[in-house]
Each structure stands twice: as C-alpha cells, then as structure tokens.
Amino acid sequence: QVQLVESGGGSVQSGDSLTLSCLASGAAFNTYAVAWFRQAPGNEREYVAAISWSGTNTYYADFVKGRSTISRDNAKNTVYLHMNSLKPEDTAVYYCAADQRPKYYADFYARANEYNYWGQGTQVTVSS
C-alpha cells in the first residue's frame with residue numbers, strides 16, 4: 001500500500017512551465033505504475049500521462065504530447081510531471097495515481113480504474 005502526496009501546483013501565466021511532484025510513502029514504490037490525471041470544474045477526470053514501474057515506458061494523452069514529460073526517481077519515491085507551454089485549458093486539479101498490478105497493454109495505463117491509490121490533488125491555474 002502507498003500514500004501519495006502531490007505538490008508543485010500553483011497559478012501561472014499562459015506559456016509558462018510547471019513541474020508537479022508525486023511523493024509516495026510505503027513499501028516497494030518501484031513496483032508501482034504511476035499516472036497523472038486531472039479534473040477541471042464541471043468536467044470528468046481525464047488522463048494526462050503515465051509511467052511504468054521501471055520508468056522505461058511513458059505514455060501521454062494527445063493534448064499534452066510534445067509539451068509534457070513524466071519521469072520518476074525511485075530512489076526518492078517520486079514521480080514528476082513537467083509541463084511546458086501551459087494553456088488556460090490546462091487549469092485543473094491534478095492527481096497522481098499508483099497501482100501495482102501489471103498493465104498488459106498500453107491503453108491500460110490511461111484507465112482510472114486501473115489505479116487503486118490516489119493522492120488528494122494539487123491545483124494548477126493558468127491565466128491568459
């Protein structure tokens with residue numbers, strides 16, 4: 001079991017960059033796949049990016065592909081989401097999620113129900 005705490009959110013201007021962190025506590029974090037999801041007011045939670053337990057494989061939603069990077073440092077029990085060229089439509093609460101079960105197909109990483117553990121979220125607000 002892991003506990004997840006997100007940090008790094010804040011208020012930025014359009015075009016700025018931001019790095020979110022997801023710190024995990026608990027054993028064997030290096031056996032968990034981790035993903036970032038986000039939820040804007042009035043919208044459903046949507047997938048942003050994911051990374052395999054080893055960090056070898058990374059996956060991105062189309063709307064962040066090319067301007068975001070997900071990475072992990074298992075020695076620090078931390079996963080990062082670096083976002084460039086932020087837009088007002090990126091405004092949302094960002095959540096990290098983790099799960100230890102194998103993900104046999106790439107699209108499994110994008111499914112919220114594939115993750116058993118969730119953080120409380122960090123707010124990102126992008127002003128135009």
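Index from 1, following the sequence.
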Looking only at heavy atoms, the pair that brings Phe37 and Ala110 closest together is CE2-O, 3.7 Å

Would you say Ile70 and Trp53 are hydrophobically clustered, going by side-chain heavy atoms of ILVMFWY under 4.5 Å?
no

Tell me, with the steps shown, if Trp36 and Met83 meet side-chain contact (heavy atoms from CB on, under 4.5 Å).
CA-CA 12 Å; Trp36 287 93; Met83 299 183 290; over 6 Å; no

Between Ser54 and Thr56 the two heavy atoms that sit nearest each other are OG-OG1, 2.8 Å

Ring-ring centroid check Tyr59 Tyr47, cutoff 6.0 Å:
no

Please work out which of the three classes, parallel, tilted or perpendicular, describes the rings of Tyr105 and Phe108, given edges at 30° and 60°.
perpendicular

Can you list the steps and then say if Phe63 with Glu89 is a side-chain contact (heavy atoms from CB on, under 4.5 Å)?
CA-CA 10 Å; Phe63 59 79; Glu89 51 264 43; over 6 Å; no

Any link between Tyr94 and Leu23 through a network of hydrophobic side chains (Ile, Leu, Val, Met, Phe, Trp, Tyr) touching at under 4.5 Å?
no

How far apart are the closest heavy atoms of Gly121 and Val93, and which atoms are they?
CA-CG1, 3.8 Å

Determine whether a donor-acceptor pair (N or O, by modelled atom type, separation under 3.5 Å) exists between the side chain of Arg38 and the backbone of Ala92.
no

Got a salt bridge between Asp62 and Lys65, using NZ or NE/NH1/NH2 to carboxylate O under 4.0 Å?
yes

Donor-acceptor pair, side chain of Glu6 and main chain of Cys96, under 3.5 angstrom
yes

Given side-chain contact (heavy atoms from CB on, under 4.5 Å), test Asn116 with Gln100 step by step and report yes or no.
CA-CA 8 Å; Asn116 276 328; Gln100 207 171 18; over 6 Å; no

Assess whether side-chain contact (heavy atoms from CB on, under 4.5 Å) is satisfied between Tyr95 and Leu4, documenting all intermediate values.
CA-CA 9 Å; Tyr95 300 90; Leu4 306 172; over 6 Å; no

Which pair of non-hydrogen atoms, one from Ser85 and one from Ser17, has the smallest distance, and what is that distance?
N-OG, 4.4 Å

Kindly say whether Ala33 contributes a backbone atom to a donor-acceptor pair with the side chain of Arg72 at under 3.5 angstrom?
no

Would you give the length of the straight line joining atom CD of Gln1 to atom OH of Tyr32, rounded to the nearest 0.5 angstrom?
7.5 Å

Out of Asp73, Thr69, Val34, which residue meets the side chain to side chain contact (heavy atoms under 4.5 Å, CB included) rule with Tyr80?
Asp73

Is there a donor-acceptor pair under 3.5 Å between the side chain of Asn77 and the backbone N or O of Ser25?
no

Nearest-0.5 Å distance that lies between atom CG in Asp99 and atom OG1 in Thr31:
9.5 Å

Gap between atom NZ of Lys76 and atom CZ of Phe29 - 0.5 Å precision
13.5 Å

With hydrophobic residues grouped by side-chain heavy-atom distances under 4.5 Å, do Ile51 and Tyr115 end up in a single group?
no

Where is the tightest heavy-atom contact between Leu18 and Gly9, given as atom of each residue plus distance?
CD2-CA, 4.3 Å

Honestly curious: do Val48 and Tyr109 fall in one hydrophobic cluster under the side-chain, below-4.5 Å linking rule?
no

Atom CD in Gln13, atom CG in Leu86: separation rounded to 0.5 Å?
11.0 Å

Over all heavy atoms of both residues, which pair between Ser68 and Leu81 is shortest? Give the atoms and the distance, please.
CB-CD1, 4.4 Å

